[in-house]
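The block underneath contains the structure these notes are about, expressed in structure tokens.
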Amino acid sequence: MIKVAIVGYGNLGRGVERSIKQNKDMELVGIFTRRAPETVKTEGAKAYTMDHLKQKKGEIDVCILCGGSATDLPAQTPEWTHLFNTIDSFDTHAKIPEHFAKVDQVAKSNQTTSIISTGWDPGLFSLNRLYAQSILPVGQTNTFWGKGVSQGHSDALRRIEGILDATQYTIPNKEVIEKLKAGENLDLTTRDKHYRECFVVLEEGANAEKIQEEIISMPNYFADYDTKVHFISKAELDQNHKAMPHGGTVLHAGTTHDNTKQVIEYNLQLESNPEFTASVLVAYARACVRLAKEKQYGAFTVLDIAPKYLSNRTDEELRKELL
Ligand code: NDP
């Protein structure tokens, strides 16, 4: 049995607790949180303070770190990799090389193994970009996200004065996807690839027109996109817009000899982003333990891991059943 600890218990942490129940070779040691453990409502697992984690050394094969990428993981992954094998879902793409270097140094000097930036993007989408570009070097890769809820954009809406609550959906431009699949060579801008749709609840007396203008002109978040804003009641938002669906497509349109068209498409349609991301983390936790057993210490990403390490089946079974 692989003994797992969940470090940090939000949406992703809850997803990992659920996923471990579906993996017969895994056992959950506990949930470790910065909050008072008795205030954290788990789905059956015992919660401990994060300080207590140190005392569990020897009882844990791998810690799945479920903190946020903005401020938790840059500190927590190096900190816990001193003592444990770790997995994280660090998704600030531009800072991954810096995060990797820091965790690699800690892991190598403490003989631990860490797989960082797992999940679907970064993660499974990264792998598919690599496969596509290596197999069809003449071609163009595009990644489309959605339809799905972007937590970052929803948070940005909630920070606007006069907005009580909001949900933002990222929607891919299907026409553009079809044209790329048909082999058209397009020069795409940010605006061409995705739309944004916002469902917003206003505070009493707020000026809808002014807020709409503030949303669609917000730099980095909405200004570069076509954005539709709907003002709705709190009851409607709570009833229809509180789930966390997501997904997307990695599309690589390439050519081989004599302009022969070849298209690779990898698509995810997720009813629950955190539950799916958690399931990816759990599979990579298995790979992490296996690497550590082989004394392969240091930091790794999904690009470094042999696919068979994700599975709990033997090499022989995999050769027989999947090839
Ligand atoms: P949450 O905000 O739900 O949780 C983050 C942390 O906040 C938790 O670990 C928890 O730490 C703390 N927390 C959670 N709920 C509460 C609360 N009610 N009050 C106070 N603190 C709380 O984030 P998610 O779980 O949704 O996402 C985590 C990260 O996963 C994201 O930042 C994102 O980077 C990453 N992600 C990566 C993906 C990928 O494809 N690579 C896809 C999706 C997400 P503690 O228990 O210690 O208080």
Side-chain angles (χ1 to χ4, degrees), residues 4-19 28 30-43 45-54 63-77 79-80 86-96 99-100 103 114-129 143-146 148-156 158-159 167-168 170 242-250 266-285 300-303 305:
V4 182
I6 296 174
V7 179
Y9 193 77
N11 300 308
L12 196 58
R14 186 171 306 104
V16 171
E17 183 181 12
R18 290 176 180 172
S19 173
L28 183 57
I31 281 155
F32 298 83
T33 174
R34 291 164 293 187
R35 285 166 285 158
E38 62 279 8
T39 65
V40 174
K41 287 197 173 40
T42 72
E43 295 187 352
K46 192 158 167 38
Y48 302 89
T49 61
M50 214 169 276
D51 287 341
H52 195 77
L53 186 55
K54 290 188 200 85
C63 291
I64 303 187
L65 307 181
C66 297
S69 288
T71 54
D72 297 341
L73 298 174
Q76 288 178 347
T77 311
E79 182 187 347
W80 292 117
T86 57
I87 295 288
D88 82 18
S89 69
F90 183 71
D91 71 354
T92 314
H93 293 257
K95 292 190 176 162
I96 290 174
H99 185 60
F100 180 91
V103 178
S114 179
I115 308 179
I116 65 150
S117 299
T118 59
W120 58 280
D121 199 358
L124 301 181
F125 275 15
S126 322
L127 267 183
N128 280 279
R129 288 187 282 260
T143 303
F144 294 87
W145 295 275
V149 173
S150 159
Q151 296 298 342
H153 287 78
S154 303
D155 285 345
R158 285 185 218 113
R159 282 197 298 268
T167 298
Q168 193 270 181
T170 307
K242 283 294 176 189
M244 280 189 264
H246 219 318
T249 303
V250 175
Y266 179 76
N267 179 265
L268 293 175
Q269 293 169 43
L270 314 173
E271 272 190 24
S272 165
N273 178 5
E275 281 185 22
F276 181 78
T277 304
S279 303
V280 181
L281 263 68
V282 167
Y284 277 95
F300 299 84
T301 72
V302 295
L303 305 182
I305 309 298

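Numbering of residues begins at 1 and proceeds along the displayed sequence. From a predicted model like this one, the values you see are computed outputs, not experimental measurements. Each ligand, and each atom within it, is numbered from 1 in the order the structure gives.
The shortest N or O to N or O distance between Phe32 and ligand 1 is not under 3.5 Å. Considering backbone and side-chain atoms alike, Asp121 places an N or O below 3.5 Å from some N or O of ligand 1. Of the polar atoms of Ser69, at least one N or O is found under 3.5 Å from an N or O of ligand 1, judged by distance alone.
Of all protein heavy atoms, the one closest to atom 33 (C) of ligand 1 is Asp91 OD2, 3.4 Å. Nearest non-hydrogen protein atom to atom 4 (O) of ligand 1 is Gly10 CA, 3.7 Å. When only non-hydrogen protein atoms are considered, atom 38 (C) of ligand 1 lies nearest to Thr277 CG2, 3.7 Å. Protein heavy atom at the shortest distance from atom 25 (O) of ligand 1 is Leu12 N, 2.8 Å. The nearest heavy-atom contact from the protein to atom 12 (C) of ligand 1 is Arg34 NH2, 3.8 Å. The protein non-hydrogen atom at the shortest distance from atom 2 (O) of ligand 1 is Asn11 ND2, 4.9 Å. For atom 40 (O) of ligand 1, the closest heavy atom belonging to the protein is Trp120 N, 2.8 Å.
Selection from Gly67, Ala70, Ser89 by nearest heavy atom to atom 28 (C) of ligand 1 gives Gly67.
Arg14 contributes no side-chain N or O that, together with a main-chain N or O of Pro274, makes up a donor-acceptor pair within less than 3.5 Å. Ser126 places a side-chain N or O within 3.5 Å of a backbone atom of Gly123 that can act as its donor or acceptor partner. Looking only at distances, a side-chain donor or acceptor of Asp88 sits under 3.5 Å from a matching main-chain atom of Ser117. Proximity of a side-chain donor or acceptor of Ser150 to a complementary backbone N or O of His153 within less than 3.5 Å is detected. For Ser154 (side chain) and Gln168 (main-chain N/O), a donor-acceptor pair under 3.5 Å exists by modelled atom type. Put simply, the side chain of Glu17 never gets that close to the backbone of Thr42: no donor and acceptor are under 3.5 Å apart. Ser19 contributes no side-chain N or O that, together with a main-chain N or O of Gly15, makes up a donor-acceptor pair within less than 3.5 Å. Formation of a donor-acceptor pair under 3.5 Å by the Glu275 side chain with backbone atoms of Arg18 is not found in this model.
Taking all atoms of both residues into account, the shortest heavy-atom contact from Pro37 to Tyr48 is CG-C, 3.6 Å.
Near Pro122, with a cut-off below 4.0 Å to any heavy atom, the atoms of ligand 1 are 39 (C), 40 (O), 41 (N). For ligand 1, the atoms lying closer than 4.0 Å to a non-hydrogen atom of Gly119 are 39 (C), 40 (O), 41 (N). Near Met50, meaning under 4.0 Å from one of its heavy atoms, ligand 1 places the atoms 47 (O). Set against the non-hydrogen atoms of Arg35, the atoms of ligand 1 under 4.0 Å away are 10 (C), 13 (N), 14 (C), 15 (N), 16 (C), 17 (C), 18 (N), 19 (N), 20 (C), 21 (N), 22 (C), 45 (P), 46 (O), 48 (O). Each of the following atoms of ligand 1 lies closer than 4.0 Å to a heavy atom of Asp72: 6 (C).
Neither the backbone nor the side chain of Ser117 comes within 4.0 Å of ligand 1, counting heavy atoms alone. For Val7, no heavy-atom contact with ligand 1 is shorter than 4.0 Å. Contacts between Gln151 and ligand 1, counted as non-hydrogen atom pairs separated by less than 4.0 Å, are absent for every part of the residue. Proximity of Cys66 to ligand 1, defined as any heavy-atom pair under 4.0 Å, is confined to the backbone N, CA, C and O atoms. Contact annotation: for Thr33 versus ligand 1, heavy atoms closer than 4.0 Å belong to both the backbone and the side chain.
Residue Thr118 places a heavy atom less than 4.0 Å from ligand 1. The shortest heavy-atom distance from Pro274 to ligand 1 is not under 4.0 Å.
Here CD1 of Ile87 is found 4.0 Å from CD1 of Ile115. Values are rounded to the nearest 0.5 Å. Rounding to the nearest 0.5 Å gives a distance of 10.0 Å between CG of Asp91 and CH2 of Trp120. To the nearest 0.5 Å, atoms NZ (Lys54) and CZ (Phe32) are separated by 11.5 Å. Asn273 CG to Leu12 CG: the interatomic distance, rounded to the nearest 0.5 Å, is 8.5 Å.
The local environment of NZ in Lys242 is crowded, with over 12 non-hydrogen atoms from other residues, nucleotides or ligands closer than 6.0 Å.
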